[in-house]
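Worksheet: the structure to be examined is printed underneath.
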Amino acid sequence: MLTQVKTLPLSMQLYELICSSPCSQQSGVLRRLQVYKHCIPLVESGDLHLAKVSEIIGLLMLEARQLPAPALAELATLFVDVIKGGSLSNGKSLELFSTVLTALASSKESLAYGKGELNGEEFKKQLINTLCSITWQNSFMDIPLSGEELQFVVEKVLRMFSKLDLQEIPPLVYQLLLLSAKGSKKTVLEGIISFFNQLDKRQKEEQKVPQSGDLEVSTMPLDQLRHVEGTVILHIVSVINLDQDLSEELIKHVKTEQQKDPARALCPFSVALLLSVAVKHRQQEQIFDFLKTSITRSCKDLQFLQASKFLQDLFPQQYDVTAVILEVVENSAFGWDHVTQGLVDLGFSLMESYEPKKPFGGKAAEASYGLSKMPAQQACRLGASILLETFKVHEPIRSDILEQVLNRVLTKAGSPVSHFIGLLSSIVVSAPLVLQSLSSKVTETFDNLSFLPMDTVQGLLRAVQPLLKVSMSVRDSLILVLQKAIFSSDCLGARPLIALLVCCDNLRTVTAINVTDIPSQVQADVHACYNSAANEAFCLEILGSLRRCLSQQADVRLMLYEGFYDVLRRNSQLASCIMETLLSQIKQYYLPQPDLLPPLKLEGCIMAQGDQIFLQEPLAHLLCCIQHCLAWYKSTVHLCQRAEDDNEEEDVGFEQNFEEMLESVTRRMIKSELEDFELDKSADFSLSSGVGVKNNIYAIQVMGICEVLIEYNFNIGNFSKNRFEDVLGLFTCYNKLSEILKEKAGKNKSNLGNKTPRSFLSMGFVSTLLTALFRDNAQSHEESLAVLRSSMEFLRYAVSVALQKVQQLEETGQTDGPDGQNPDKMFQNLCKVTQVLLWRYTSIPTVVEESGKKKGKSISLLCLEGLLRIFNTVQQLYSARIPQFLQALDITDGDAEETDINVTEKAAFQIRQFQRSLVNQFSSAEDDFNSKETQLLITVLSTLSKLLDPTSQQVLDILPWAFSKCDISCCKGLLSLLFSLHVQYKSPVGLLRELAQDIHACLGDIDQDIELESRSHFAIVNAKTAAPTVCLLVLGQADKVLEEVDWLIKKLTSLGSDTSEESSQASNQTQALEKGVILQLGTLLTVYHELVQTALPAGSCVDTLLRSLSKTYAILTSLIKHYIQACRNTSNTIPGRLEKLVKLSGSHLTPQCYSFITYVQVRPKLTSKITVSHSDAEWCIKAESAAISTVMAKVLRETKPIPNLIFAIEQYEKFLIHLSKKSKVNLMQYMKLSTSRDFRINASMLNSTLQEHSTEGAENDSTAEQTDENQEPKKKRQRRK
């Protein structure tokens, strides 16, 4: 009958057949089974229309629940066999299979299975187990599963991932995600993330060994893996759109795993998944907060590890989330467009959350030249790196990134934007040609330049310099905007002025001249394709506009003078225009009469507005600009001018004018007296009056002019004796004014003149001058240099200026004058200056020099200060060039290649030189001892020790020296050096114990009857230095060790809560961490054991010790809590070393703590007696009351930490009781109950106190009787309620 189903009404025949086969009869059941067995293959064959298939399946599902349990079991087994055989082609019959399993699970009848019997629910579980062992591509969505069965299916499918081809995983993941709607979301997400994390690790290992001979090791191509990961992420995001609970489970999972193992929680796959989810869902803020917290925590952990060799040994490998996020950016190049927006949002979120802070009244604390050492700064740098790399990789998002960066530069004008300008600069440098298509966004920003702060304008224009060089449209639009803005009535002219200078600075007019000062060949070649004549015309037009600015306020003129040199240096064809402009400007103030003194009109440099005086013309800066431009012109342009005879006569004209003018000014400045400038010792220099302001302006201008002329005459003098005599004459004028200003500033401490004016000497000239003064041994120069060397004041001045320049470089990253912003030139000058200062300090001791000096710091001391600043500056700004810097100081190894430079050996050599100087200080007589120099030497040693390799022998060689050379007068500095060296190679707890023993021996015991043996490990610890200096330093270092131990305990807790299979591999690490923690705490307990028995004086030592003890007990409690949790998770017993630690705390610390508390409380207080006359009894009572109030306030202040300490001890003992119960080990047997806080009455003390008070009362009564008997008695004082 079934063979004719195509011609007969199928549903009616099946229905009649089923109805004629009642389940109450065995034959009916068998017929029904035959119907099901024939219909299943028929439905799967594909020969029937879909409508007929649906009718058949619906009818069979309706009647399936009436089948008895054995028939259902047989039918379910049939389905499993069909699936095993692969006959299930289209899966149309699976709906019936789901109904059969549901009906089977509800049956309580016993069914035969193998040799035993199972009920319906158990039989269903066996069938599902069988299905999970089959490679089956269909879903379990339509199969009813219990929670336990669902968990089993999910785990089974996840284990199949490793056996499948990579391309087969995405559809299986999608089905698994759909199945998670029934439950087990955590298991599904954890399994998917873990699987792809393992694939990424395997891929990295294969990349490390690309030439592997074993073909089986190779898994899959990198691009294929990345595409599969991207597809899986899209599947997860699409399912989350349907099930929001899945996203919440994802966030909960990564947060939980992050506490256990950050490397497993935040792998590249999971970070990419989180960023994709954050873009389209409400959890964006929650996800970004989690990522930012993880980033800062990772940065803090790395910083913590780098500061301690002890932690590095216990934690050699540490997870770095910043590297993971940058890896996500790299992986996103493989078509992960769904991740890019999340990366952009995260990058800007990091930069805005951790932007540099602006302190009150100052500039931003973070500068672009400095190193990012704080976790917040590192997070901000990471955000910039994310945006930069995303900009490089993803073209569609570039416009959005650039627009957001520019918007933040404009809208955050009130706060520091140096980090955004730095990002913009990196973007422009990385792809200036690419930005040509986005130039419209840059030109729109130019319209707002006039409203931005000066620093922002300068940074923005410097950032877009490469774009100006390749895009004529951007350059032209910028110039037009600025030319309009510079004379606008509602615009501050200085901002467009700076912009015009930057534009003119970057427009090449000649490409044939090979100027050595060009930063890179790219800058010279970029302009080769453009018309140099057009560039020259533009520059001349700009200079014409700038020339009009010379009539504006002083700060505008100052910017012009500072910018002209850079423009001239980059565009030699503009020399005539610039030099003529400067010549016409200086002629306004130059007096040509050769006998007229002074040679310049200073009165024309100031402007009066009412009672206020302002600087109108910065004459010294103008002269400085002329001097530098003329020097560059003579040294550079003359080389190319021999072939151009047409312009020679004209150029020689202004050159000759400048030389004659400078020569005349020099001669007349030497002849001028201070009275010629209306300046002398009797002049008023206070800033509170107009005359004083004018005199200060005059003095600073005259001093600046003298410095400019000193540099000019030295440079052109060619070691002429006459020229050097002129230099000394100019310095005499400068020095007279400088001494007057110092004297006036000393009398008025609030005077702003107390700050030394910034020197006009350039950094390059300072290095040349110092080399000539101290290191030039040429016979032909000896006579002329003797003129300058004969003046100790001039030598001190030269070193002081060098110190000022280094300080400016350290604080701002640049110096005034030519090449002040060129890092390469600054580094070269630093090396030269360091060579000279180092030679001068090591060759001439301070003791020899001080015998003949008059006043002020000695030259050697100034050299030492300069060396200290230079060492700090090099480590801060030129960390990558430290090998070259150290090699430059070692003149004996100047020919060594860069690859052969050993930083540790070079630094150790310099350290030995300063060690010898420090030893000489310690060995000198008391009158010759210089504490200031000693402190500087110690700081220099601390700075240089940072360059040593912590594992090198040099550190070990320094430590014994530091132990033996400690001196009393330099206690704090030497101990800090000692700690910093010690921490580099091992934990300092042993050192702290020896210092604590010395403190105890020096100050004595709290029990005066105990005599301590005289022992001393360090000569620095004596009765004068033990407290508070050494004691506070020891406690401070102990607190750092406690912080390290606390950090380790937190890591232990996270490792202990990890119950995964991989956690067993970390058992050795856990044991090592526990051992390190217990050993550290054990040694620290011995340190505190010594200190709590020491008779410390009242004050900061007692307070700090009590607080440190509270922290110690809190950390001991954390350790006990960790072992309580470990006992809950496992059946392991507590280690023996923990029991020893508890025993040590009970025997060597807790009893002594209570004794120390008693000592602090009953220590003699203020006992000074008040003596009064008999006629002043009232005053006596008031004075006594005030004295008592003072004593009580002091007692309360000193005993305030005591309750916290007692609470910490009690908490420690409380959790010890809990651990004793969990571990079945009686740890409380080592803890003794104290009676120090019990209510107790000391009878003898009470009697003596009562007698004393009764005596005092009798004396007071007799005194009162001798007063006026007619005086009315005082009213009784009311008691406060």
Side-chain angles (χ1 to χ4, degrees), residues 356 359 361-371 416 418 454-455 458-459 462 498 555 558-559 561-563 565-566 618 620-621 623-625 627-628 700-701 703-704 706-708 710-711 734 738 741-742 745 752-771 796-837 857 859 861-879 881 885 936 939-940 943:
K363 295 184 178 180
E366 190 267 345
S368 59
Y369 58 85
L371 297 178
S418 58
M454 194 71 65
D455 295 337
Q458 292 178 343
R462 290 193 180 98
I498 288 296
D555 57 348
L558 179 60
M559 293 173 191
Y561 300 149
E562 291 177 347
Y565 175 79
D566 290 329
H621 287 85
L623 208 61
C624 183
C625 178
Q627 190 265 131
H628 290 310
I700 293 174
Q701 292 300 311
M703 291 170 64
C706 290
E707 286 190 310
V708 172
I710 286 173
E711 181 170 350
Y734 170 90
S738 177
L741 288 180
K742 289 179 182 178
L752 295 179
N754 196 14
K755 185 177 180 181
T756 304
R758 185 172 291 178
S759 175
F760 281 78
L761 302 183
S762 63
M763 185 66 172
F765 172 71
V766 171
S767 63
T768 302
L769 177 62
L770 289 177
T771 304
R796 187 179 295 109
Y797 160 76
V799 179
S800 300
V801 172
L803 180 59
Q804 184 189 95
K805 292 293 180 181
V806 174
Q807 182 178 357
Q808 184 185 8
L809 182 64
E810 180 184 14
E811 294 174 353
T812 65
Q814 61 188 30
T815 63
D816 297 329
D819 302 316
Q821 300 178 8
N822 188 332
D824 296 330
K825 292 295 183 65
M826 286 298 100
F827 179 74
Q828 296 173 9
N829 291 329
L830 269 183
C831 292
K832 294 179 181 178
V833 171
T834 310
Q835 289 175 352
V836 177
L837 297 184
K857 294 181 180 179
I859 297 178
L861 197 59
L862 289 173
C863 290
L864 187 57
E865 289 184 14
L867 290 171
L868 175 58
R869 286 197 174 273
I870 290 173
F871 293 148
N872 286 325
T873 303
V874 170
Q875 293 186 34
Q876 180 181 359
L877 303 183
Y878 305 101
S879 58
R881 300 187 181 184
F885 173 76
L936 288 173
T939 310
V940 168
T943 304

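We number each residue from 1, following the sequence as shown.
Here the side chains of Phe765 and Glu707 are not in contact, with every heavy-atom distance at 4.5 Å or above. Between Lys805 and Asp816, some side-chain heavy-atom pair lies under the 4.5 Å cut-off. Contact annotation: the side chain of Asn829 approaches that of Met826 to within less than 4.5 Å [non-hydrogen atoms, C-beta and beyond]. A 4.5 Å side-chain heavy-atom check between Phe760 and Leu623 finds every atom pair outside the cut-off. Side-chain contact between Gln808 and Met763 is absent, with no heavy-atom pair separated by less than 4.5 Å. Residues Met703 and Leu741 form a side-chain contact, since some pair of their non-hydrogen atoms from C-beta on lies under 4.5 Å apart. Using a 4.5 Å cut-off on side-chain heavy atoms (C-beta onward), Arg881 and Asp824 make contact.
In this structure, Tyr561 OH and His621 NE2 are separated by 10.5 Å, a value rounded to the nearest 0.5 Å. The distance from atom CG of Leu936 to atom OG1 of Thr943, rounded to the nearest 0.5 Å, is 10.5 Å. Between the CG atom of Leu803 and the CG atom of Leu868 there is a distance of 9.5 Å, given to the nearest 0.5 Å. Here the CD-SG distance, from Glu711 to Cys624, works out to 6.5 Å after rounding to the nearest 0.5 Å. In this structure, the separation between CG on Leu770 and NZ on Lys832 is 11.5 Å, given to the nearest 0.5 Å. Rounded to the nearest 0.5 Å, atoms CG (Leu837) and CD (Glu865) are 11.0 Å apart.
Closest of all the heavy-atom pairs between Pro618 and Gln701 is C-OE1, 3.7 Å. Taking all atoms of both residues into account, the shortest heavy-atom contact from Ala802 to Val833 is CB-CG1, 4.3 Å. When all heavy atoms of Val708 and Gln627 are compared, the pair lying nearest together is CG1-CB, 3.9 Å. Residues Leu809 and Leu877 share a closest heavy-atom pair of O-CD1, 3.5 Å.
Between Phe827 and Tyr878, the angle of the ring planes lies from 30° to 60°, which puts this pair in the tilted group.
At least one donor-acceptor pair under 3.5 Å links the side chain of Gln804 to the backbone N or O of Ser759.
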